[in-house]
Amino acid sequence: MKVPGKWKRSIPVIVYSLAIVIESAQSKAPVPDLGFEMQDKLYHLAGYTLYGLLLTYALRATSWHWKRVVMFTLLIGALFAASDEWHQYFVPGRSCDIFDWIADVCGLTVSCALSTLYNKRSTAHE
């Protein structure tokens, strides 16, 4: 099945979203112990930085102005992160944690900052 060009850019964020949902459905997250408290917040920050980069990549296929791409990256990402935390509330051994969501939103913010820097550099060379 051939996927139209615009929609190909959505495949990575869809696959990554599914990976997040599958990981969140497990009672114990399969992550290495880094040996410090609140290391899970670092994992959330890093995971949602990547999620935001993939979401931005997908949204760039639209004809939206850059500010709208960033706004929707933050909005969609924050809603997805909230739904993921809510989902974990129902998984034995997991919990719904507002601070995890805050770390997720911080990761999305980092991704938007990185994407904006990249966007400014790439448009300056055109």
Side-chain angles (χ1 to χ4, degrees):
M1 177 172 122
K2 186 167 176 143
V3 180
K6 264 190 204 182
W7 298 104
K8 283 183 185 178
R9 294 176 69 115
S10 299
I11 293 171
V13 74
I14 291 168
V15 170
Y16 194 69
S17 298
L18 290 171
I20 289 173
V21 170
I22 290 167
E23 188 277 327
S24 292
Q26 298 179 29
S27 293
K28 176 121 173 70
V31 293
D33 183 1
L34 299 177
F36 63 90
E37 282 189 49
M38 298 182 60
Q39 67 187 6
D40 68 310
K41 304 308 180 250
L42 180 62
Y43 288 125
H44 280 266
L45 180 87
Y48 274 83
T49 296
L50 178 56
Y51 184 80
L53 290 171
L54 295 173
L55 190 54
T56 301
Y57 176 75
L59 292 173
R60 288 291 308 250
T62 66
S63 59
W64 291 348
H65 185 271
W66 177 250
K67 288 181 183 180
R68 182 175 279 188
V69 169
V70 169
M71 182 182 71
F72 272 90
T73 296
L74 290 171
L75 179 65
I76 293 167
L79 290 173
F80 181 76
S83 72
D84 180 49
E85 287 302 316
W86 180 73
H87 166 244
Q88 288 179 50
Y89 176 78
F90 300 100
V91 177
R94 299 299 291 265
S95 64
C96 180
D97 184 354
I98 187 72
F99 295 108
D100 286 349
W101 180 79
I102 290 170
D104 297 340
V105 173
C106 287
L108 292 164
T109 304
V110 169
S111 74
C112 288
L114 292 172
S115 296
T116 299
L117 287 173
Y118 176 79
N119 186 53
K120 284 183 179 181
R121 284 184 157 216
S122 64
T123 55
H125 290 37
E126 290 179 356

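Side-chain atoms are counted along with the backbone in the values below, which use heavy atoms only and exclude waters and symmetry mates. Positions are given from 1 along the sequence. Please read all numbers here as calculations on a predicted model, not as lab measurements.
Side-chain contact between His44 and Met38 is absent, with no heavy-atom pair separated by less than 4.5 Å. Between Glu85 and Asp97, some side-chain heavy-atom pair lies under the 4.5 Å cut-off. Counting only heavy atoms from C-beta outward, the side chains of Tyr48 and Leu55 never approach each other to under 4.5 Å.
To the nearest 0.5 Å, atoms CG (Asp40) and CG (Asp100) are separated by 5.0 Å. Between atom CZ of residue Arg94 and atom OG of residue Ser24 there is a gap of 5.0 Å, rounded to the nearest 0.5 Å. Remark: Leu117 CG to Cys112 SG distance equals 11.5 Å, nearest 0.5 Å. Rounding to the nearest 0.5 Å gives a distance of 7.0 Å between CG of Leu74 and OG of Ser111. The distance from the CZ atom of Arg68 to the OG1 atom of Thr62 is 8.5 Å, given to the nearest 0.5 Å. Between Ile76 atom CD1 and Met71 atom CE the span is 9.5 Å, to the nearest 0.5 Å.
Across all non-hydrogen atoms, the minimal contact from Ser27 to Pro92 is OG-O, 2.9 Å. Shown here for Leu108 and Gly52, the closest heavy-atom pair between the two residues is CD2-CA, 3.8 Å. The shortest non-hydrogen separation linking Gln39 to Leu34 is OE1-N, 2.5 Å.
Leu59 and Leu75 fall within the same hydrophobic cluster, defined by Ile, Leu, Val, Met, Phe, Trp and Tyr side-chain heavy atoms under 4.5 Å apart, directly or through other members. In terms of hydrophobic clustering, with Ile, Leu, Val, Met, Phe, Trp and Tyr side chains grouped at heavy-atom distances under 4.5 Å, Ile22 and Ile11 are assigned to different clusters. In the hydrophobic clustering of this structure, Leu54 does not group with Trp7; members are Ile, Leu, Val, Met, Phe, Trp, Tyr whose side-chain heavy atoms approach within less than 4.5 Å, directly or through other members. Val70 and Leu50 fall within the same hydrophobic cluster, where Ile, Leu, Val, Met, Phe, Trp and Tyr residues are linked whenever their side-chain heavy atoms come under 4.5 Å apart, directly or through other members. When hydrophobic clusters are built by joining Ile, Leu, Val, Met, Phe, Trp and Tyr residues whose side-chain heavy atoms come closer than 4.5 Å, directly or via intermediates, Val21 is grouped together with Val13.
In terms of modelled atom types and a separation under 3.5 Å, the side chain of Gln88 and the main chain of Cys96 share no donor-acceptor contact.
Through direct or relayed side-chain contacts under 4.5 Å between Ile, Leu, Val, Met, Phe, Trp and Tyr, Val105 connects to Ile98, Phe99, Trp101, Ile102.
Inspection of the Thr56 and Thr73 side chains reveals an N or O donor paired with an N or O acceptor under 3.5 Å.
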Evaluate Ser115 against Leu53 for side chain to side chain contact (heavy atoms under 4.5 Å, CB included), listing each step before the verdict. CA-CA 7 Å; Ser115 296; Leu53 290 171; 3.4 Å; yes
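Residue Tyr89 places its OH atom among 12 or fewer non-hydrogen atoms of other residues, nucleotides or ligands, all under 6.0 Å distant.
Residue pairs meeting the ring-ring contact (aromatic ring centres under 6.0 Å, His included) criterion with at least one member in residues 62-82, sequence neighbours excluded: Tyr51-Phe80, Trp64-Phe72.
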